[in-house]
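Contents: one structure, followed by commentary.
Only a predicted model underlies this, so the values are computations on that prediction, with no experimental measurement involved. For the numbers below, each heavy atom of this structure counts, side chains included, while hydrogens, waters and symmetry mates do not. Start at 1 and go down the list; that is how both ligands and their atoms are numbered.
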Amino acid sequence: MKDRGRLIVISGPSGAGKSTVVSKAIEGRSDICFSTSVTTRKPRPGEVDGREYFFVEPDRFKEMVENGELLEHAEYVANSYGTPRAYVEEQLEAGLNVLLDIEVQGARQIHRQMPEAVKIFIIPPSMAELRRRLEGRGTDTERAIEARLIRARQEYAEADFYDYILVNDDADRAAAELSAIITAERCRAANRMHWLKQEA
Ligand code: ADP
Ligand code: 5GP
(Lines give C-alpha, C1' and ligand atoms only; values in the text may rest on other atoms or scores of the structure.)
(Ligands and ions follow the chains in the order given, each with its own letter.)
Protein backbone atom coordinates (compact mmCIF):
# COMPACT_ATOMS: atom_id res chain seq x y z
CA MET A 1 0.00 0.00 0.00
CA LYS A 2 1.35 3.45 -0.77
CA ASP A 3 0.58 7.00 0.39
CA ARG A 4 -1.13 9.44 -1.89
CA GLY A 5 1.15 12.18 -3.25
CA ARG A 6 0.50 15.72 -2.02
CA LEU A 7 0.43 18.83 -4.16
CA ILE A 8 2.77 21.41 -2.59
CA VAL A 9 2.40 25.00 -3.79
CA ILE A 10 5.31 27.36 -3.13
CA SER A 11 4.92 31.09 -3.71
CA GLY A 12 6.75 34.21 -2.67
CA PRO A 13 8.21 37.26 -4.31
CA SER A 14 10.67 36.83 -7.12
CA GLY A 15 14.12 36.90 -5.48
CA ALA A 16 12.87 35.56 -2.11
CA GLY A 17 14.96 32.44 -2.72
CA LYS A 18 12.30 29.92 -3.79
CA SER A 19 14.50 28.10 -6.32
CA THR A 20 17.42 28.06 -3.87
CA VAL A 21 15.37 26.71 -0.96
CA VAL A 22 13.41 24.21 -3.05
CA SER A 23 16.51 22.70 -4.65
CA LYS A 24 18.15 22.27 -1.21
CA ALA A 25 14.97 20.77 0.27
CA ILE A 26 14.46 18.17 -2.46
CA GLU A 27 18.10 17.10 -2.67
CA GLY A 28 18.27 13.39 -1.93
CA ARG A 29 14.48 13.02 -1.56
CA SER A 30 13.04 10.62 -4.09
CA ASP A 31 9.45 11.24 -2.94
CA ILE A 32 9.30 14.80 -4.34
CA CYS A 33 9.23 15.94 -7.94
CA PHE A 34 9.14 19.42 -9.36
CA SER A 35 6.65 20.56 -11.98
CA THR A 36 8.32 22.58 -14.75
CA SER A 37 6.09 25.45 -15.86
CA VAL A 38 5.41 26.89 -19.29
CA THR A 39 6.19 30.58 -19.82
CA THR A 40 6.21 33.20 -22.55
CA ARG A 41 9.14 34.93 -20.76
CA LYS A 42 12.46 34.84 -22.62
CA PRO A 43 15.13 32.57 -21.07
CA ARG A 44 17.67 34.26 -18.79
CA PRO A 45 21.33 33.52 -19.43
CA GLY A 46 22.00 29.96 -18.27
CA GLU A 47 18.35 28.87 -18.35
CA VAL A 48 17.66 25.76 -20.40
CA ASP A 49 14.39 24.95 -22.18
CA GLY A 50 12.71 22.05 -20.37
CA ARG A 51 14.78 22.54 -17.18
CA GLU A 52 13.85 25.91 -15.60
CA TYR A 53 10.81 26.33 -17.88
CA PHE A 54 9.30 25.25 -21.17
CA PHE A 55 9.72 28.50 -23.10
CA VAL A 56 6.88 29.03 -25.60
CA GLU A 57 5.54 31.73 -27.89
CA PRO A 58 2.36 33.59 -26.78
CA ASP A 59 0.28 31.81 -29.49
CA ARG A 60 1.23 28.37 -28.20
CA PHE A 61 0.50 29.47 -24.61
CA LYS A 62 -2.97 30.66 -25.67
CA GLU A 63 -3.60 27.34 -27.39
CA MET A 64 -2.61 25.44 -24.23
CA VAL A 65 -5.07 27.53 -22.18
CA GLU A 66 -7.86 26.96 -24.71
CA ASN A 67 -7.21 23.19 -24.81
CA GLY A 68 -7.34 22.93 -21.01
CA GLU A 69 -3.72 21.73 -20.92
CA LEU A 70 -2.87 23.99 -17.94
CA LEU A 71 -3.92 23.32 -14.35
CA GLU A 72 -3.63 27.06 -13.63
CA HIS A 73 -2.13 30.07 -15.36
CA ALA A 74 -1.48 33.74 -14.67
CA GLU A 75 0.19 36.90 -15.89
CA TYR A 76 3.25 38.07 -13.99
CA VAL A 77 5.05 41.32 -14.87
CA ALA A 78 3.97 41.24 -18.57
CA ASN A 79 4.58 37.51 -19.15
CA SER A 80 2.33 34.45 -18.93
CA TYR A 81 3.11 31.41 -16.80
CA GLY A 82 1.25 28.12 -16.39
CA THR A 83 1.40 24.60 -14.93
CA PRO A 84 1.05 21.67 -17.36
CA ARG A 85 -1.84 19.55 -16.07
CA ALA A 86 -0.87 16.09 -17.36
CA TYR A 87 2.50 15.86 -15.56
CA VAL A 88 1.04 16.88 -12.17
CA GLU A 89 -1.84 14.41 -12.41
CA GLU A 90 0.45 11.53 -13.46
CA GLN A 91 2.94 12.12 -10.63
CA LEU A 92 0.27 12.48 -7.92
CA GLU A 93 -1.32 9.28 -9.21
CA ALA A 94 2.07 7.56 -8.90
CA GLY A 95 2.25 8.62 -5.22
CA LEU A 96 4.84 11.40 -5.55
CA ASN A 97 4.65 14.78 -3.82
CA VAL A 98 4.56 17.40 -6.58
CA LEU A 99 6.03 20.84 -5.98
CA LEU A 100 4.80 23.92 -7.87
CA ASP A 101 6.69 27.24 -7.76
CA ILE A 102 3.92 29.64 -8.79
CA GLU A 103 2.74 33.17 -8.01
CA VAL A 104 -0.26 34.08 -5.86
CA GLN A 105 -3.05 34.23 -8.50
CA GLY A 106 -2.14 30.75 -9.74
CA ALA A 107 -1.90 29.47 -6.16
CA ARG A 108 -5.39 30.79 -5.50
CA GLN A 109 -6.72 28.93 -8.57
CA ILE A 110 -5.16 25.71 -7.22
CA HIS A 111 -6.60 26.42 -3.73
CA ARG A 112 -10.11 26.62 -5.27
CA GLN A 113 -9.75 23.47 -7.37
CA MET A 114 -7.82 21.37 -4.85
CA PRO A 115 -8.31 22.75 -1.31
CA GLU A 116 -6.18 19.91 0.09
CA ALA A 117 -3.05 21.28 -1.66
CA VAL A 118 -0.42 22.51 0.83
CA LYS A 119 0.28 26.22 0.33
CA ILE A 120 3.61 27.67 1.47
CA PHE A 121 4.66 31.32 1.17
CA ILE A 122 8.42 32.08 1.22
CA ILE A 123 9.58 35.60 2.09
CA PRO A 124 12.96 37.31 2.50
CA PRO A 125 13.71 38.83 5.93
CA SER A 126 12.99 42.36 4.55
CA MET A 127 12.14 44.30 1.37
CA ALA A 128 15.63 45.87 1.44
CA GLU A 129 17.14 42.37 1.42
CA LEU A 130 14.80 41.40 -1.43
CA ARG A 131 16.11 44.28 -3.53
CA ARG A 132 19.71 43.26 -2.70
CA ARG A 133 19.02 39.68 -3.81
CA LEU A 134 17.37 40.75 -7.07
CA GLU A 135 20.30 43.08 -7.79
CA GLY A 136 22.82 40.41 -6.75
CA ARG A 137 21.20 37.78 -8.99
CA GLY A 138 22.01 40.12 -11.87
CA THR A 139 19.35 38.72 -14.22
CA ASP A 140 16.86 41.61 -14.25
CA THR A 141 17.05 45.22 -15.42
CA GLU A 142 16.50 48.02 -12.86
CA ARG A 143 13.01 48.51 -14.33
CA ALA A 144 12.17 44.82 -14.00
CA ILE A 145 13.44 44.88 -10.39
CA GLU A 146 11.15 47.84 -9.57
CA ALA A 147 8.19 46.00 -11.14
CA ARG A 148 9.01 42.86 -9.13
CA LEU A 149 9.20 44.86 -5.86
CA ILE A 150 5.80 46.43 -6.53
CA ARG A 151 4.39 42.99 -7.30
CA ALA A 152 5.94 41.61 -4.07
CA ARG A 153 3.97 44.15 -1.97
CA GLN A 154 0.75 43.22 -3.81
CA GLU A 155 1.43 39.54 -3.17
CA TYR A 156 1.93 40.10 0.58
CA ALA A 157 -1.51 41.72 0.71
CA GLU A 158 -3.11 38.73 -1.08
CA ALA A 159 -1.29 35.93 0.77
CA ASP A 160 -3.93 35.26 3.42
CA PHE A 161 -4.81 31.73 2.24
CA TYR A 162 -1.40 30.08 2.67
CA ASP A 163 -0.91 27.35 5.28
CA TYR A 164 2.74 28.12 6.11
CA ILE A 165 5.16 31.05 5.91
CA LEU A 166 8.91 30.44 5.61
CA VAL A 167 11.30 33.32 6.31
CA ASN A 168 14.35 32.73 4.13
CA ASP A 169 17.12 34.45 6.08
CA ASP A 170 19.23 31.29 6.20
CA ALA A 171 18.64 29.10 3.14
CA ASP A 172 19.68 25.84 4.86
CA ARG A 173 17.28 26.43 7.74
CA ALA A 174 14.42 27.41 5.41
CA ALA A 175 15.09 24.26 3.33
CA ALA A 176 15.04 22.08 6.47
CA GLU A 177 11.70 23.66 7.45
CA LEU A 178 10.27 23.07 3.97
CA SER A 179 11.38 19.44 4.02
CA ALA A 180 9.82 18.99 7.49
CA ILE A 181 6.50 20.47 6.33
CA ILE A 182 6.35 18.10 3.36
CA THR A 183 7.09 15.11 5.59
CA ALA A 184 4.50 16.14 8.19
CA GLU A 185 1.82 16.80 5.56
CA ARG A 186 2.40 13.37 4.09
CA CYS A 187 1.77 11.81 7.53
CA ARG A 188 -1.58 13.59 8.01
CA ALA A 189 -4.33 11.22 9.03
CA ALA A 190 -6.51 12.32 6.11
CA ASN A 191 -3.72 11.24 3.79
CA ARG A 192 -3.26 7.85 5.45
CA MET A 193 -6.79 6.74 6.35
CA HIS A 194 -6.59 4.06 3.66
CA TRP A 195 -3.99 2.24 5.83
CA LEU A 196 -6.70 1.72 8.49
CA LYS A 197 -9.01 0.06 6.00
CA GLN A 198 -6.70 -2.85 5.21
CA GLU A 199 -8.14 -6.31 5.52
CA ALA A 200 -6.84 -8.36 8.44
P1 ADP B 1 13.42 33.06 -6.53
O2 ADP B 1 13.43 31.65 -7.07
O3 ADP B 1 12.48 33.23 -5.37
O4 ADP B 1 13.20 34.10 -7.58
P5 ADP B 1 16.31 32.68 -6.15
O6 ADP B 1 16.40 31.33 -5.54
O7 ADP B 1 16.68 32.85 -7.59
O8 ADP B 1 14.87 33.36 -5.89
O9 ADP B 1 17.20 33.64 -5.22
C10 ADP B 1 17.40 35.02 -5.54
C11 ADP B 1 18.85 35.40 -5.20
O12 ADP B 1 18.99 35.39 -3.76
C13 ADP B 1 19.87 34.41 -5.74
O14 ADP B 1 21.02 35.14 -6.16
C15 ADP B 1 20.19 33.53 -4.53
O16 ADP B 1 21.50 32.99 -4.59
C17 ADP B 1 20.04 34.49 -3.36
N18 ADP B 1 19.58 33.85 -2.11
C19 ADP B 1 18.65 32.87 -1.96
N20 ADP B 1 18.47 32.55 -0.65
C21 ADP B 1 19.31 33.35 0.04
C22 ADP B 1 19.62 33.52 1.46
N23 ADP B 1 18.99 32.82 2.42
N24 ADP B 1 20.55 34.44 1.81
C25 ADP B 1 21.17 35.18 0.85
N26 ADP B 1 20.95 35.08 -0.49
C27 ADP B 1 20.03 34.19 -0.89
P1 5GP C 1 10.48 34.20 -12.85
O2 5GP C 1 10.23 35.03 -14.09
O3 5GP C 1 11.25 34.96 -11.80
O4 5GP C 1 11.06 32.85 -13.17
O5 5GP C 1 9.06 33.90 -12.20
C6 5GP C 1 8.18 34.95 -11.93
C7 5GP C 1 7.03 34.44 -11.09
O8 5GP C 1 6.25 33.53 -11.84
C9 5GP C 1 7.45 33.74 -9.81
O10 5GP C 1 6.66 34.28 -8.76
C11 5GP C 1 7.07 32.30 -10.06
O12 5GP C 1 6.67 31.66 -8.85
C13 5GP C 1 5.89 32.46 -11.00
N14 5GP C 1 5.61 31.27 -11.80
C15 5GP C 1 6.49 30.40 -12.34
N16 5GP C 1 5.85 29.41 -12.97
C17 5GP C 1 4.51 29.64 -12.80
C18 5GP C 1 3.31 28.95 -13.20
O19 5GP C 1 3.33 27.90 -13.82
N20 5GP C 1 2.14 29.50 -12.83
C21 5GP C 1 2.05 30.66 -12.13
N22 5GP C 1 0.84 31.10 -11.82
N23 5GP C 1 3.15 31.34 -11.75
C24 5GP C 1 4.36 30.83 -12.07
message: I'd like the residue list for ligand 1, meaning every protein residue with a non-hydrogen atom under 4.0 Å from the ligand.
response: P13, S14, G15, A16, G17, K18, S19, T20, R133, R137, N168, D169, D170, A171

- prompt: Looking at E47 and R41, does any basic side-chain N land under 4.0 Å from a carboxylate oxygen?
  reply: yes

task: Drop me the distance from I102's CD1 to K18's NZ, to the nearest 0.5 angstrom.
output: 11.0 Å

- prompt: Within a reach of under 6.0 Å around CZ of R188, are more than 12 heavy atoms found that belong to other residues, nucleotides or ligands?
  reply: no

task: On the 0 to 90° scale, with breaks at 30° and 60°, tag the F61-H73 ring pair as parallel, tilted or perpendicular.
output: perpendicular

query: Would a distance-only check, ignoring hydrogens and angles, find a side-chain to backbone donor-acceptor pair under 3.5 Å from N97 to G5?
result: no

Close N/O pairs between ligand 2 and protein, under 3.5 Å:
residue: ligand 2; atom: 2 (O); partner: R41; partner atom: NE; Å: 2.7
residue: ligand 2; atom: 2 (O); partner: R44; partner atom: NH2; Å: 3.4
residue: ligand 2; atom: 2 (O); partner: Y81; partner atom: OH; Å: 2.6
residue: ligand 2; atom: 2 (O); partner: R148; partner atom: NH2; Å: 3.1
residue: ligand 2; atom: 3 (O); partner: S14; partner atom: OG; Å: 3.4
residue: ligand 2; atom: 3 (O); partner: R44; partner atom: NH2; Å: 2.9
residue: ligand 2; atom: 3 (O); partner: R148; partner atom: NH1; Å: 2.9
residue: ligand 2; atom: 4 (O); partner: R41; partner atom: NH2; Å: 2.9
residue: ligand 2; atom: 4 (O); partner: Y53; partner atom: OH; Å: 2.5
residue: ligand 2; atom: 5 (O); partner: Y53; partner atom: OH; Å: 3.3
residue: ligand 2; atom: 12 (O); partner: D101; partner atom: O; Å: 3.4
residue: ligand 2; atom: 12 (O); partner: D101; partner atom: OD1; Å: 2.6
residue: ligand 2; atom: 16 (N); partner: S37; partner atom: OG; Å: 3.1
residue: ligand 2; atom: 16 (N); partner: D101; partner atom: O; Å: 3.4
residue: ligand 2; atom: 19 (O); partner: S37; partner atom: OG; Å: 2.7
residue: ligand 2; atom: 19 (O); partner: E72; partner atom: OE2; Å: 3.4
residue: ligand 2; atom: 19 (O); partner: G82; partner atom: N; Å: 3.3
residue: ligand 2; atom: 19 (O); partner: G82; partner atom: O; Å: 3.0
residue: ligand 2; atom: 19 (O); partner: T83; partner atom: N; Å: 3.4
residue: ligand 2; atom: 19 (O); partner: T83; partner atom: OG1; Å: 3.4
residue: ligand 2; atom: 20 (N); partner: E72; partner atom: OE1; Å: 3.4
residue: ligand 2; atom: 20 (N); partner: E72; partner atom: OE2; Å: 2.7
residue: ligand 2; atom: 22 (N); partner: E72; partner atom: OE1; Å: 2.8
residue: ligand 2; atom: 22 (N); partner: E103; partner atom: OE2; Å: 2.7
residue: ligand 2; atom: 23 (N); partner: E103; partner atom: N; Å: 3.1

query: Are a donor atom and an acceptor atom from the side chains of Y164 and E185 found within less than 3.5 Å of each other?
result: yes

- request: Provide the full list of side-chain hydrogen bond (donor to acceptor under 3.5 Å, both in side chains) pairs with a residue in residues 116-127, sequence neighbours left out, each pair given once.
  value: H111-K119

message: Going by side-chain hydrogen bond (donor to acceptor under 3.5 Å, both in side chains), name the residues that satisfy it together with Y53, two or more places apart in sequence or in a different chain.
response: none

Residues, nucleotides or ligands: over 12 heavy atoms within 6.0 Å of R51 CZ: yes

